[in-house]
Amino acid sequence: MDPTTDNAGIPGNPDTARASLEALRAEIAKAVVGQDPAVTGLVVALLCRGHVLLEGVPGVAKTLLVRALASALELDTKRVQFTPDLMPSDITGSLVYDTRSAEFSFQPGPVFTNLLLADEINRTPPKTQSSLLEAMEERQVTVDGTPRPLPDPFLVAATQNPVEYEGTYPLPEAQLDRFLLKLTIPLPSRQDEIDVLTRHAEGFNPRDLRAAGIRPVAGPADLEAARAAVAKTVISPEITAYVVDICRATRDSPSFTLGVSPRGATALLATSRAWAWLTGRDYVIPDDVKALALPTLRHRVQLRPEAEMEGVTADSVINAILAHVPVPR
(Lines give C-alpha, C1' and ligand atoms only; values in the text may rest on other atoms or scores of the structure.)
Protein backbone atom coordinates (compact mmCIF):
# COMPACT_ATOMS: atom_id res chain seq x y z
CA MET A 1 0.00 0.00 0.00
CA ASP A 2 1.16 3.51 -0.75
CA PRO A 3 2.51 4.92 2.55
CA THR A 4 0.87 8.28 1.83
CA THR A 5 -2.64 6.77 1.59
CA ASP A 6 -4.86 5.38 4.32
CA ASN A 7 -7.19 2.38 4.07
CA ALA A 8 -9.90 4.52 2.50
CA GLY A 9 -7.54 5.80 -0.13
CA ILE A 10 -7.50 9.31 1.33
CA PRO A 11 -4.04 10.88 0.97
CA GLY A 12 -2.38 12.58 3.92
CA ASN A 13 -3.92 10.55 6.76
CA PRO A 14 -2.17 11.58 10.05
CA ASP A 15 -2.16 8.05 11.52
CA THR A 16 -0.62 6.63 8.34
CA ALA A 17 1.87 9.50 8.31
CA ARG A 18 2.93 8.70 11.89
CA ALA A 19 3.40 5.05 11.01
CA SER A 20 5.46 5.98 7.95
CA LEU A 21 7.72 8.29 9.96
CA GLU A 22 8.15 5.64 12.65
CA ALA A 23 9.16 3.20 9.91
CA LEU A 24 12.15 5.46 9.18
CA ARG A 25 13.87 4.05 12.26
CA ALA A 26 13.70 0.50 10.97
CA GLU A 27 14.98 1.52 7.55
CA ILE A 28 17.88 3.60 8.88
CA ALA A 29 18.79 0.80 11.31
CA LYS A 30 19.66 -1.32 8.27
CA ALA A 31 22.69 0.93 7.81
CA VAL A 32 23.30 2.65 11.17
CA VAL A 33 23.48 0.76 14.46
CA GLY A 34 22.29 2.16 17.79
CA GLN A 35 21.52 5.78 16.92
CA ASP A 36 17.77 5.92 17.61
CA PRO A 37 17.92 9.28 19.48
CA ALA A 38 19.60 10.93 16.49
CA VAL A 39 17.06 9.44 14.08
CA THR A 40 14.22 10.73 16.26
CA GLY A 41 15.83 14.17 16.35
CA LEU A 42 15.99 14.30 12.56
CA VAL A 43 12.32 13.36 12.29
CA VAL A 44 11.38 16.03 14.85
CA ALA A 45 13.32 18.59 12.82
CA LEU A 46 11.44 17.62 9.66
CA LEU A 47 8.13 18.07 11.47
CA CYS A 48 9.17 21.49 12.83
CA ARG A 49 10.73 22.74 9.58
CA GLY A 50 14.01 23.04 11.45
CA HIS A 51 17.66 22.19 10.87
CA VAL A 52 19.98 19.79 12.66
CA LEU A 53 23.62 19.97 13.71
CA LEU A 54 25.23 16.57 14.25
CA GLU A 55 28.40 16.61 16.33
CA GLY A 56 30.74 13.75 17.07
CA VAL A 57 34.27 12.53 16.62
CA PRO A 58 35.23 11.27 13.15
CA GLY A 59 34.04 7.79 12.28
CA VAL A 60 30.76 7.54 14.24
CA ALA A 61 28.52 7.44 11.11
CA LYS A 62 27.28 11.06 11.11
CA THR A 63 27.32 11.30 7.32
CA LEU A 64 26.00 7.76 6.89
CA LEU A 65 23.08 8.59 9.18
CA VAL A 66 21.96 11.52 7.02
CA ARG A 67 22.48 9.58 3.79
CA ALA A 68 20.37 6.73 5.18
CA LEU A 69 17.63 9.21 6.13
CA ALA A 70 17.66 10.62 2.60
CA SER A 71 17.38 7.12 1.14
CA ALA A 72 14.41 6.32 3.37
CA LEU A 73 12.58 9.50 2.33
CA GLU A 74 11.15 10.31 -1.10
CA LEU A 75 12.94 13.66 -1.10
CA ASP A 76 15.54 15.28 -3.30
CA THR A 77 18.89 15.44 -1.52
CA LYS A 78 22.33 16.92 -2.19
CA ARG A 79 25.63 16.74 -0.35
CA VAL A 80 28.30 19.43 0.02
CA GLN A 81 31.72 18.64 1.46
CA PHE A 82 32.77 21.79 3.29
CA THR A 83 36.45 22.63 2.80
CA PRO A 84 38.60 25.69 3.58
CA ASP A 85 38.50 26.87 -0.07
CA LEU A 86 34.71 26.51 -0.53
CA MET A 87 33.07 29.75 -1.68
CA PRO A 88 29.52 30.98 -0.83
CA SER A 89 28.50 30.76 -4.50
CA ASP A 90 29.46 27.07 -4.46
CA ILE A 91 26.47 26.58 -2.14
CA THR A 92 23.91 29.18 -3.16
CA GLY A 93 24.58 29.32 -6.90
CA SER A 94 25.69 32.18 -9.13
CA LEU A 95 24.95 34.13 -12.29
CA VAL A 96 26.48 32.56 -15.39
CA TYR A 97 26.90 34.35 -18.72
CA ASP A 98 25.13 32.57 -21.56
CA THR A 99 26.96 33.29 -24.84
CA ARG A 100 23.97 32.15 -26.93
CA SER A 101 21.49 34.58 -25.40
CA ALA A 102 24.12 37.20 -24.41
CA GLU A 103 22.47 37.33 -20.96
CA PHE A 104 23.28 36.25 -17.44
CA SER A 105 21.25 33.33 -16.10
CA PHE A 106 21.09 31.96 -12.58
CA GLN A 107 22.69 28.57 -12.01
CA PRO A 108 21.19 27.12 -8.79
CA GLY A 109 23.59 25.74 -6.21
CA PRO A 110 23.17 22.54 -4.17
CA VAL A 111 21.15 24.44 -1.53
CA PHE A 112 18.15 24.15 -3.87
CA THR A 113 17.08 20.75 -2.59
CA ASN A 114 14.87 19.20 0.09
CA LEU A 115 17.61 17.73 2.26
CA LEU A 116 21.05 19.35 2.20
CA LEU A 117 23.87 17.42 3.83
CA ALA A 118 26.46 20.00 4.88
CA ASP A 119 29.32 17.66 5.65
CA GLU A 120 31.93 18.92 8.16
CA ILE A 121 30.48 22.43 8.17
CA ASN A 122 33.08 23.67 10.64
CA ARG A 123 35.93 22.99 8.21
CA THR A 124 35.03 26.01 6.09
CA PRO A 125 35.66 29.68 7.04
CA PRO A 126 32.88 31.89 8.51
CA LYS A 127 32.31 33.67 5.17
CA THR A 128 31.10 30.45 3.60
CA GLN A 129 29.32 29.25 6.73
CA SER A 130 27.29 32.46 6.75
CA SER A 131 26.04 31.80 3.21
CA LEU A 132 23.59 29.36 4.75
CA LEU A 133 22.09 31.88 7.19
CA GLU A 134 19.48 33.32 4.82
CA ALA A 135 18.62 29.89 3.44
CA MET A 136 18.11 28.40 6.91
CA GLU A 137 16.09 31.30 8.34
CA GLU A 138 14.23 32.80 5.37
CA ARG A 139 14.15 29.67 3.18
CA GLN A 140 15.31 31.67 0.21
CA VAL A 141 18.56 32.69 -1.47
CA THR A 142 19.23 36.22 -2.69
CA VAL A 143 21.65 36.54 -5.60
CA ASP A 144 22.20 39.87 -7.35
CA GLY A 145 19.33 41.36 -5.37
CA THR A 146 16.77 38.77 -6.49
CA PRO A 147 15.29 36.48 -3.82
CA ARG A 148 14.76 32.89 -4.94
CA PRO A 149 12.61 30.61 -2.77
CA LEU A 150 13.85 27.18 -1.73
CA PRO A 151 11.72 24.06 -2.08
CA ASP A 152 9.54 22.77 0.74
CA PRO A 153 10.39 20.74 2.73
CA PHE A 154 13.89 22.10 3.22
CA LEU A 155 16.25 20.82 5.90
CA VAL A 156 19.96 21.39 6.48
CA ALA A 157 21.62 18.47 8.23
CA ALA A 158 25.13 19.65 9.08
CA THR A 159 27.84 17.50 10.56
CA GLN A 160 30.80 18.80 12.49
CA ASN A 161 33.76 17.48 14.39
CA PRO A 162 34.34 18.88 17.90
CA VAL A 163 36.04 22.28 17.76
CA GLU A 164 39.11 21.10 19.63
CA TYR A 165 40.23 19.22 16.54
CA GLU A 166 42.71 20.94 14.22
CA GLY A 167 41.60 22.69 11.05
CA THR A 168 38.12 23.69 12.22
CA TYR A 169 36.28 27.01 12.50
CA PRO A 170 33.78 27.14 15.40
CA LEU A 171 30.31 28.18 14.28
CA PRO A 172 29.34 31.66 15.60
CA GLU A 173 26.42 31.98 18.01
CA ALA A 174 24.19 33.58 15.35
CA GLN A 175 24.52 30.53 13.12
CA LEU A 176 24.23 27.99 15.93
CA ASP A 177 20.93 29.61 16.89
CA ARG A 178 19.59 28.83 13.39
CA PHE A 179 19.79 25.11 14.12
CA LEU A 180 16.68 23.73 15.76
CA LEU A 181 18.57 20.82 17.33
CA LYS A 182 22.13 19.89 18.14
CA LEU A 183 22.50 16.13 18.35
CA THR A 184 25.63 14.58 19.78
CA ILE A 185 26.62 11.26 18.21
CA PRO A 186 28.36 9.15 20.86
CA LEU A 187 30.78 6.31 20.38
CA PRO A 188 28.88 3.03 20.14
CA SER A 189 28.55 0.59 23.00
CA ARG A 190 30.65 -2.57 22.89
CA GLN A 191 27.77 -4.68 21.56
CA ASP A 192 26.82 -2.08 18.95
CA GLU A 193 30.42 -1.92 17.76
CA ILE A 194 30.49 -5.71 17.49
CA ASP A 195 27.31 -5.51 15.38
CA VAL A 196 28.91 -2.89 13.14
CA LEU A 197 31.99 -5.01 12.52
CA THR A 198 29.87 -8.11 11.96
CA ARG A 199 27.88 -6.32 9.26
CA HIS A 200 31.05 -5.19 7.53
CA ALA A 201 32.46 -8.72 7.73
CA GLU A 202 29.28 -9.98 6.05
CA GLY A 203 29.74 -7.56 3.14
CA PHE A 204 27.91 -4.38 4.16
CA ASN A 205 29.02 -1.46 1.99
CA PRO A 206 28.19 1.98 3.48
CA ARG A 207 28.56 3.52 0.01
CA ASP A 208 25.78 1.35 -1.43
CA LEU A 209 22.68 1.86 0.71
CA ARG A 210 20.41 0.34 -1.91
CA ALA A 211 22.21 -2.96 -1.51
CA ALA A 212 21.61 -2.69 2.24
CA GLY A 213 17.89 -2.82 1.52
CA ILE A 214 16.95 0.74 2.45
CA ARG A 215 13.83 1.85 0.59
CA PRO A 216 11.67 4.99 0.72
CA VAL A 217 8.98 4.62 3.40
CA ALA A 218 7.78 8.25 3.70
CA GLY A 219 7.42 11.24 1.44
CA PRO A 220 6.19 14.85 1.18
CA ALA A 221 2.53 13.88 1.65
CA ASP A 222 3.37 12.19 4.95
CA LEU A 223 5.27 15.24 6.14
CA GLU A 224 2.43 17.57 5.16
CA ALA A 225 -0.15 15.47 7.01
CA ALA A 226 2.14 15.09 10.03
CA ARG A 227 2.86 18.81 10.25
CA ALA A 228 -0.85 19.60 10.12
CA ALA A 229 -1.48 17.13 12.95
CA VAL A 230 1.41 18.52 15.03
CA ALA A 231 -0.04 22.04 14.65
CA LYS A 232 -3.24 20.79 16.30
CA THR A 233 -1.45 19.28 19.28
CA VAL A 234 -2.69 21.08 22.39
CA ILE A 235 -0.31 23.13 24.52
CA SER A 236 -1.74 24.24 27.86
CA PRO A 237 -0.82 27.61 29.43
CA GLU A 238 0.96 25.71 32.20
CA ILE A 239 3.27 23.99 29.67
CA THR A 240 4.00 27.31 27.96
CA ALA A 241 4.92 28.84 31.33
CA TYR A 242 7.10 25.80 32.12
CA VAL A 243 9.09 26.26 28.90
CA VAL A 244 9.54 29.96 29.66
CA ASP A 245 10.71 29.23 33.21
CA ILE A 246 13.32 26.77 31.96
CA CYS A 247 14.70 29.21 29.40
CA ARG A 248 14.72 32.12 31.85
CA ALA A 249 16.61 29.95 34.33
CA THR A 250 19.43 29.53 31.80
CA ARG A 251 19.77 33.34 31.64
CA ASP A 252 20.08 33.53 35.43
CA SER A 253 22.50 30.61 35.75
CA PRO A 254 25.95 31.62 37.13
CA SER A 255 27.51 29.00 34.84
CA PHE A 256 26.38 30.70 31.62
CA THR A 257 27.48 33.95 30.02
CA LEU A 258 24.72 33.52 27.43
CA GLY A 259 21.32 32.02 28.13
CA VAL A 260 18.53 30.82 25.85
CA SER A 261 16.83 33.51 23.77
CA PRO A 262 13.07 33.74 23.13
CA ARG A 263 13.73 32.04 19.78
CA GLY A 264 15.16 29.12 21.75
CA ALA A 265 12.05 29.02 23.93
CA THR A 266 9.88 28.94 20.81
CA ALA A 267 12.02 26.10 19.44
CA LEU A 268 11.63 24.06 22.65
CA LEU A 269 7.86 24.48 22.51
CA ALA A 270 7.81 23.34 18.87
CA THR A 271 10.04 20.29 19.38
CA SER A 272 8.07 19.23 22.47
CA ARG A 273 4.88 19.44 20.45
CA ALA A 274 6.32 17.31 17.64
CA TRP A 275 7.61 14.72 20.11
CA ALA A 276 4.20 14.53 21.82
CA TRP A 277 2.53 13.82 18.48
CA LEU A 278 5.13 11.21 17.51
CA THR A 279 4.50 9.35 20.77
CA GLY A 280 0.79 9.21 20.00
CA ARG A 281 -0.66 12.07 22.05
CA ASP A 282 -2.56 15.17 20.95
CA TYR A 283 -1.38 17.22 23.93
CA VAL A 284 2.00 18.14 25.44
CA ILE A 285 3.12 17.05 28.92
CA PRO A 286 6.18 18.15 30.95
CA ASP A 287 8.04 14.94 30.05
CA ASP A 288 7.93 15.99 26.38
CA VAL A 289 9.66 19.26 27.28
CA LYS A 290 12.29 17.43 29.34
CA ALA A 291 12.93 14.92 26.55
CA LEU A 292 13.77 17.64 24.00
CA ALA A 293 15.39 20.22 26.30
CA LEU A 294 19.00 19.09 25.84
CA PRO A 295 19.13 18.82 22.02
CA THR A 296 17.09 22.02 21.63
CA LEU A 297 18.96 24.21 24.12
CA ARG A 298 22.56 22.93 24.46
CA HIS A 299 23.89 24.95 21.51
CA ARG A 300 22.06 28.14 22.49
CA VAL A 301 23.96 28.70 25.73
CA GLN A 302 27.56 29.67 26.43
CA LEU A 303 29.56 28.49 29.41
CA ARG A 304 31.72 30.79 31.49
CA PRO A 305 35.44 30.00 31.09
CA GLU A 306 35.82 29.25 34.79
CA ALA A 307 32.93 26.77 34.61
CA GLU A 308 34.57 25.01 31.67
CA MET A 309 37.82 24.77 33.61
CA GLU A 310 35.94 23.03 36.40
CA GLY A 311 34.62 20.44 33.96
CA VAL A 312 31.08 21.76 33.82
CA THR A 313 29.19 21.12 30.58
CA ALA A 314 26.14 22.79 29.07
CA ASP A 315 24.24 19.51 29.36
CA SER A 316 24.97 19.17 33.08
CA VAL A 317 23.79 22.73 33.79
CA ILE A 318 20.60 22.27 31.77
CA ASN A 319 19.90 18.98 33.57
CA ALA A 320 20.32 20.76 36.90
CA ILE A 321 17.89 23.46 35.76
CA LEU A 322 15.34 20.81 34.73
CA ALA A 323 15.68 19.26 38.19
CA HIS A 324 14.99 22.54 39.98
CA VAL A 325 12.35 24.30 37.87
CA PRO A 326 8.92 23.44 39.29
CA VAL A 327 7.00 21.00 37.10
CA PRO A 328 3.34 21.87 36.40
CA ARG A 329 0.80 19.39 37.76
Side-chain angles (χ1 to χ4, degrees), residues 37-38 41 45 50-60 62 82-84 86 118-133 136-137 156-187 242-272 289-327:
H51 310 287
V52 177
L53 180 63
L54 299 168
E55 183 177 274
V57 298
V60 290
K62 299 186 296 296
F82 280 67
T83 57
L86 194 71
D119 212 0
E120 295 187 303
I121 190 173
N122 61 334
R123 290 203 176 275
T124 199
K127 178 178 70 173
T128 305
Q129 291 176 1
S130 64
S131 65
L132 281 174
L133 285 176
M136 293 171 67
E137 186 65 21
V156 175
T159 71
Q160 75 168 7
N161 299 323
V163 295
E164 59 265 28
Y165 282 79
E166 293 183 4
T168 60
Y169 301 84
L171 293 173
E173 287 76 12
Q175 179 135 11
L176 284 172
D177 204 37
R178 297 302 197 281
F179 286 99
L180 180 72
L181 299 171
K182 179 182 177 182
L183 305 174
T184 56
I185 309 298
L187 289 167
Y242 182 52
V243 170
V244 169
D245 289 342
I246 290 171
C247 295
R248 291 182 69 87
T250 65
R251 303 168 203 164
D252 298 332
S253 172
S255 298
F256 291 145
T257 58
L258 178 68
V260 176
S261 68
R263 175 161 49 192
T266 302
L268 180 55
L269 199 65
T271 56
S272 303
V289 178
K290 291 182 177 180
L292 272 297
L294 284 180
T296 308
L297 303 181
R298 59 163 58 110
H299 56 297
R300 305 175 193 270
V301 296
Q302 194 172 67
L303 281 170
R304 293 187 182 278
E306 53 269 28
E308 284 190 277
M309 292 177 65
E310 294 173 0
V312 175
T313 65
D315 284 12
S316 64
V317 178
I318 293 172
N319 278 327
I321 288 172
L322 292 174
H324 286 89
V325 172
V327 179

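For Ala265, the side-chain contact (heavy atoms from CB on, under 4.5 Å) test picks out Val243, Cys247, with sequence neighbours left out. With sequence neighbours excluded, the residues forming a salt bridge (Lys or Arg N to Asp or Glu O under 4.0 Å) with Lys182 are Glu55, listed by chain and number.
Closest approach of Val327 to Tyr242, counting heavy atoms only: CG2-OH, 3.8 Å. Of all heavy-atom pairs between Thr184 and Arg298, the closest is N-NH1, 3.9 Å. The two atoms that bring Gly264 and Leu297 nearest to each other are O-CD2, 4.0 Å, heavy atoms only. Between Ile321 and Ser253 the shortest heavy-atom distance is CD1-CB, 4.5 Å. Taking every heavy atom of both residues into account, Pro295 and Leu183 meet most closely at CB-CD2, 3.8 Å.
For the atom pair Leu294 CG and Ile318 CD1, the distance stands at 5.5 Å (nearest 0.5 Å). For the atom pair CD of Gln160 and CD1 of Ile185, the computed distance is 11.5 Å after rounding to the nearest 0.5 Å. Put simply, CG on Leu292 and CG on Leu269 are 11.0 Å apart, with the number rounded to the nearest 0.5 Å. To the nearest 0.5 Å, the span separating OG1 on Thr128 from OH on Tyr169 amounts to 9.5 Å.
With hydrogens and angles ignored, the 3.5 Å screen pairs a side-chain donor or acceptor of Thr266 with a backbone N or O of Pro262. The backbone N or O of Gly56 lies less than 3.5 Å from a partner atom in the side chain of Lys62, making a donor-acceptor pair. Judged by distance alone, with hydrogens and angles left aside, the side-chain atoms of Ser272 form a donor-acceptor pair with the main-chain N or O of Leu268 at under 3.5 Å. Side-chain atoms of Gln129 do not come within 3.5 Å of backbone N or O of Gln175 as any donor-acceptor pair. Proximity of a side-chain donor or acceptor of Arg300 to a complementary backbone N or O of Leu258 within less than 3.5 Å is not detected. With hydrogens and angles disregarded, no donor-acceptor distance shorter than 3.5 Å links the side chain of Asp177 to the backbone of Glu173. Formation of a donor-acceptor pair under 3.5 Å by the Thr159 side chain with backbone atoms of Glu120 is found in this model. Listed for the Thr124 side chain is no donor-acceptor partner under 3.5 Å among the backbone atoms of Pro84. Proximity of a side-chain donor or acceptor of Ser130 to a complementary backbone N or O of Pro126 within less than 3.5 Å is detected.
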(message) Is there a side-chain contact (heavy atoms from CB on, under 4.5 Å) between Val289 and Ile246? Walk through the geometry before answering.
(response) CA-CA 10 Å; Val289 178; Ile246 290 171; 3.8 Å; yes

(request) Go through Glu137 and His51 one step at a time and tell me if the side-chain contact (heavy atoms from CB on, under 4.5 Å) criterion holds. (result) CA-CA 10 Å; Glu137 186 65 21; His51 310 287; over 6 Å; no

(message) For Leu132 and Phe82: C-alpha separation, side-chain torsions, deciding distance, then whether side-chain contact (heavy atoms from CB on, under 4.5 Å) applies.
(response) CA-CA 12 Å; Leu132 281 174; Phe82 280 67; 4.0 Å; yes

(request) Starting from the C-alpha separation in whole Å, work towards a yes-or-no answer on side-chain contact (heavy atoms from CB on, under 4.5 Å) for Val52 and Leu180. (result) CA-CA 6 Å; Val52 177; Leu180 180 72; 5.9 Å; no

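For the pair Leu171 and Leu53, the minimum side-chain heavy-atom distance is below 4.5 Å. Taking the side chain as every heavy atom from C-beta outward, Val317 and Val301 never approach each other to under 4.5 Å.
Side chains of Thr257 and Gln302: a donor on one and an acceptor on the other come within 3.5 Å.
Sorted by first and then second residue, the salt bridge (Lys or Arg N to Asp or Glu O under 4.0 Å) pairs with a member in residues 301-311 form an empty list; sequence neighbours excluded.
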